[in-house]
Amino acid sequence: MNILWLQSAGCGGCTMSLLCAESPNVLETLEDAGISFLWHPALSQETGAEVRDLLTQIETGAIVLDVLCVEGSIVRGPLGTGRYHMLAGTGRSMLDWVQSLARKAQFVVAVGTCAAYGGVTSAGENPSDAIGLQYDGAHAGGALDAVFRSVGGMPVINVAGCPTHPDWVTETLLLLAAGALDAGQLDDFGRPRFYADHLVHHACPKNEFYEYKASANALSQAGCLMEHLGCVGTQAVGDCNIRTWNGDGSCTRAGYPCINCTAPEFEEPGHAFAETPKFAGIPIGLPSDMPKAWFMALASLSKAATPHRIATNAVADRVQVPPTIKKPKS
């Protein structure tokens, strides 16, 4: 299976993340599965005329394209021409190339939230008119229209994340190579369900504090980050705390709140990322699959039952009160 990887408007962070894949590394993983790059801007030697010739051969059908991977959002400005982002040396915009090559590919993969939904590149007033491949934020229809299907009959596969986890990319490609990924295995926003059927909350190391609603007041503290510090891990899809980064890392394991970077429009929360908006003292963003009244009743009971150890450690930057182990009576 061959891959053409294009980098559009973004920081390149998803490629940097992908190169952090280990045990085995990304190149060994793909090679062992018979997957190779026709071209990748950071990994391939070809440049200039060689790349222009390759793109032309793909476009004319002389080279069959199995997977088109696009990293970064697609820029439509000015006035829908896409000419704010030209593919160097070709005289054509990235928008034009993506729209053309997507129709030649067996599968199209949006790598990262920018490519999937517009992401950080589309934040604010969005002067470049940046959008995702098949979504404009949470709305279907982007650089490719809402009904687009690749040669293989699939919509764009949105491997969202900012940056996306390296294993999410490699597992998606391995599933495609094995013929084991179809539209039924994507969620409502086109994300592969092997990671999107989980919440970031699952396996979070702060879950003991969450259960007792023992909250941190500052980022350096060990308690739950939901009540005061903006964590939306109970609403965000991703297996970040199950399939950790670089062996043992995640945002919440590092003491920072989950900002829901796998979701459309996460870049515009309407408040500081490390701030929990509240109404009458109650956090607005409660777990999405639990009635608010139940949550508040449970929270009140949990706070009342919080052990001294958990309440003390929640607002400390390290363990102040260790667990007490009772010795059995002799």
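Between Tyr117 and Thr262, the shortest heavy-atom distance links the atoms CE1-O, 3.7 Å. Contact detail for Thr113 and Cys162: the closest heavy-atom pair is OG1-N, 4.1 Å. The heavy-atom pair separating Glu267 from Ser122 by the smallest distance is OE2-OG, 3.4 Å. Nearest heavy-atom pair, Ala9 versus Thr121, reported as atom, atom and distance to 0.1 Å: O-OG1, 3.2 Å.
Note on ring orientation: taking the six-membered ring where Trp is involved, the planes of Trp168 and Trp245 are perpendicular (angle over 60°, cut-offs 30° and 60°).
The shortest distance between side-chain heavy atoms of Val75 and Met94 does not fall below 4.5 Å. Side chains of Pro322 and Arg309 form no contact here, defined as non-hydrogen atoms less than 4.5 Å apart. Here the side chains of Asp66 and Phe107 are not in contact, with every heavy-atom distance at 4.5 Å or above. For the pair Val109/Ile3, no side-chain contact is recorded, criterion being any heavy-atom separation below 4.5 Å from C-beta on. Using a 4.5 Å cut-off on side-chain heavy atoms (C-beta onward), Leu38 and Ile58 make contact. The shortest side-chain heavy-atom distance between Val70 and Trp5 does not fall under the 4.5 Å cut-off.
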Q: Please assess Ser8 against Glu71 for the test side chain to side chain donor-acceptor pair (under 3.5 Å), listing each intermediate value before the final yes or no.
A: CA-CA 6 Å; Ser8 192; Glu71 175 185 1; over 6 Å; no
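A salt bridge links Arg92 with Glu59: at least one charged nitrogen is closer than 4.0 Å to a carboxylate oxygen. Salt bridge absent: Glu46 and Arg52 never bring a charged side-chain N and a carboxylate O closer than 4.0 Å.
The neighbour count for Asp32 CG, taken as heavy atoms of other residues, nucleotides or ligands under 6.0 Å away, is above 12.
Within the model, atoms CG of Leu6 and CH2 of Trp39 stand 6.5 Å from one another, a figure rounded to the nearest 0.5 Å.
Grouping Ile, Leu, Val, Met, Phe, Trp and Tyr by side-chain contacts under 4.5 Å, direct or through others, puts Phe209 with Tyr212, Ile310.
No donor-acceptor pair closer than 3.5 Å links the side chain of Glu28 to the backbone N or O of Pro24. In this structure, Gln106 contributes its side chain and Leu65 its backbone to no donor-acceptor pair below 3.5 Å. Checking side-chain atoms of Lys303 against main-chain N and O of Lys213 turns up a donor-acceptor pair under 3.5 Å.
Among pairs with a residue in residues 132-149, those fulfilling salt bridge (Lys or Arg N to Asp or Glu O under 4.0 Å) read Arg76-Asp136, at least two apart in sequence or across chains.
Asn241 pairs with exactly one of Arg253, His198, His202 by the side chain to side chain donor-acceptor pair (under 3.5 Å) rule, that one being Arg253.
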